[in-house]
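Some notes on the structure that comes next.
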Amino acid sequence: MNNKQLADTFTLIANLLEIKGEIIYKTLAYRKAAESLMGLGRDASEFWKEGKLEEIPGVGKAIAEKIDELLSTGKLEFLEKLKKEIPEELASWLAVPSLGPKKVGMIWKTLGITSLADLESAAKAGKLRGLPGMGAKSETAILEGIASLSRRSGRMPLGRAYPLAQSIIAQLKKVKGVVAAEPAGSLRRMRSTVGDLDILVAAKDSAAVMEAFTNLPNVSRVLGKGEFKSSIEFGDGVRAQVWVHPPQEFGTALQYATGSKDHNVKMRQLALDKGLSLSDHSFKKVNPSTGSGRAAEKEIFCATEEDVYKTVGLPWIPPELREDRGEIEAAKANKLPKLIELKDLKADLQMHSTWSDGKLSMLEMARASAKRGMKVIAFTDHSASLGVTGGLTMEDHKKQAAEIKKIQKELGDEILILHASEVEIKADGSLDYPDEFLASLDLVLASMHTSLRQPRDKVTDRVIKAIRNPHVDIIGHPTGRLIPDREGADLDMEAILQAASETGVAMEINASPYRLDLDDVYARRAKELGIPISINTDAHSEEDMDMRFYGVAVARRAWLTKNDVINCWSTDKLLRWLKNRGK
DNA sequence: GCCGTTTTCGGCCCGACTGTTTTCAGTCG
């Protein structure tokens, strides 16, 4: 059982307990534990083997015992009992907008239905109005909620959310009186997937903003429209909400809306330590006589986030770090990393040309890369066994090498081209070309595209075998995941990273917003182990090259600096590294 | 259920918005 399965189990428990009406803090504890497992970076089973489960944040005695039971038996008596009490199917109702645990519980208890289909029929038949606290509007809201569920498939990839949010922001900035507009929430923290789009606007007068926002093109429904907050749904089911704050409190508002929740809990605590209560509006002096957070004569307003952090005695923390993964402590100790930036990237070590499945010739790709400030690129056209991509035979490679020589002459020192290959790690763990041939390439990037559903041991061994091949320099998109649809291979990532740290092989952060693989958590673990990271676009076209932005976002979330990423090194240093690897 | 340079007990997330309400409960972020 891996971390995600454990986390899913605890999330289910939290949902069922909530419907049951258990005290909210108990359900929060299960959710916190689930989140913590997802961000752990190592398998919980390792903590388990060492008897250190309770060292995982948010895991105490009770949850540690449950993890122990799950890992030893694959089952959980507590959950089985709970499911008998509260039908598991009800948990899926919670995904319906406008339905929360209270109403789910109430509807189930009064009408005795458990399936989403029955809920829909009941709503259509008008059986929900008349239930306590529900009227015709609630019924319609539930029906619309069920309909929107089928339209939207959960969270959307960052690569879709980000441009969409930017276009909304551009339109809001045109509204008269708008001083600033910024993304917030997981979008601003650059998580790989985003639920709803959160946008924050600074303006004295909110009415014009709300008017513009609810009248954006392609808005299919206005879900709510108030003085400070409005939310909308687009035709494709994507939802966005906007908050408007006066400019003088934009800093606290943006900090608050950016989250994460856990980061903000710590921020509020730091404020309290200084006798201040922090809200999205301002800091207020805590009244010492009552101990309550109100009744202050003097409010502190912050127009910028820098002021917010300064007020609690911290340097500004980049949004990508705000996950309560040690950033507050690092900021306190003045040990925040100087995060990598887009401009630091000087090399792109995975891209494809018309030699395999790319859309442009090598010359066109090289020129497009140079235009974007790249000094070194590697053509990693696919290897022979990946037939659908037009993979190259060794004979093809000879011809490709000759063409590279020719265009290199044409390009001069504008950009350096490396002759490389994305070599398939085959199902048996062998590579697609013999060692002698691999040794002749400038760079070898090995990755998996097939048989990703092999059992954990087998697929893990496969990658480790590639890592131990002395000719392999980079492992490309290690898990093979596709966002949001396909989970990656069931890898023992700790074992893989240990092997990589022994051999010095670099691990890729594939910058395609549909991959972002390694993810932030494992990339951070890789850094801890001293493994070099390579951020590559995997570009098949010119537009793909601009996706490197998302790769940098993952790297920033992983606390990486430019020294950790081989693509930021000088050409000399990069070539020296390759040479030391036998190239 | 977790957690503790105040604490092993008593805090934890609170405010805007909506709908069904005559003063409030539930949802959501």
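Throughout, protein chains are lettered first and strands after them, A, B, ... in sequence-line order, and every chain is numbered starting at 1.
Between the CG atom of A:D324 and the P atom of B:dC3 there is a distance of 12 Å, rounded to whole Å. Between the C1' atom of B:dG29 and the CD atom of A:Q255 lies a distance of 15 Å, rounded to the nearest Å. To the nearest angstrom, C1' of B:dG26 lies 14 Å from CD1 of A:I19.
B:dT8 makes up no base pair with any nucleotide shown, lacking Watson-Crick or G-U wobble contacts both under 3.5 Å.
Within residues 115-137 of chain A, the residues that have a heavy atom under 4.0 Å from DNA chain B are, in order of number, A:G133, A:M134, A:G135, A:A136, A:K137.
Counting non-hydrogen atoms under 4.0 angstrom, A:K32 reaches nothing in the nucleic acid.
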Under a 4.0 Å heavy-atom criterion, the protein footprint on nucleotides 7-17 of chain B, written with B, S and -, is -----BS--SS

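Contact check on A:K4 versus A:D8 returns a salt bridge, with a Lys/Arg side-chain nitrogen under 4.0 Å from an Asp/Glu carboxylate oxygen. Residues A:R188 and A:D198 are not paired through a salt bridge, judged by the lack of any N-O separation under 4.0 Å between the basic side chain and the carboxylate. A salt bridge does not link A:E77 to A:K81: none of the charged side-chain nitrogens sits closer than 4.0 Å to a carboxylate oxygen.
Enclosure of atom NZ in A:K225 by more than 12 non-hydrogen atoms of other residues, nucleotides or ligands within 6.0 angstrom is indicated.
Ring geometry, A:Y30 versus A:F78: the interplanar angle falls under 30°, so the pair is classed parallel (tilted spans 30 to 60°).
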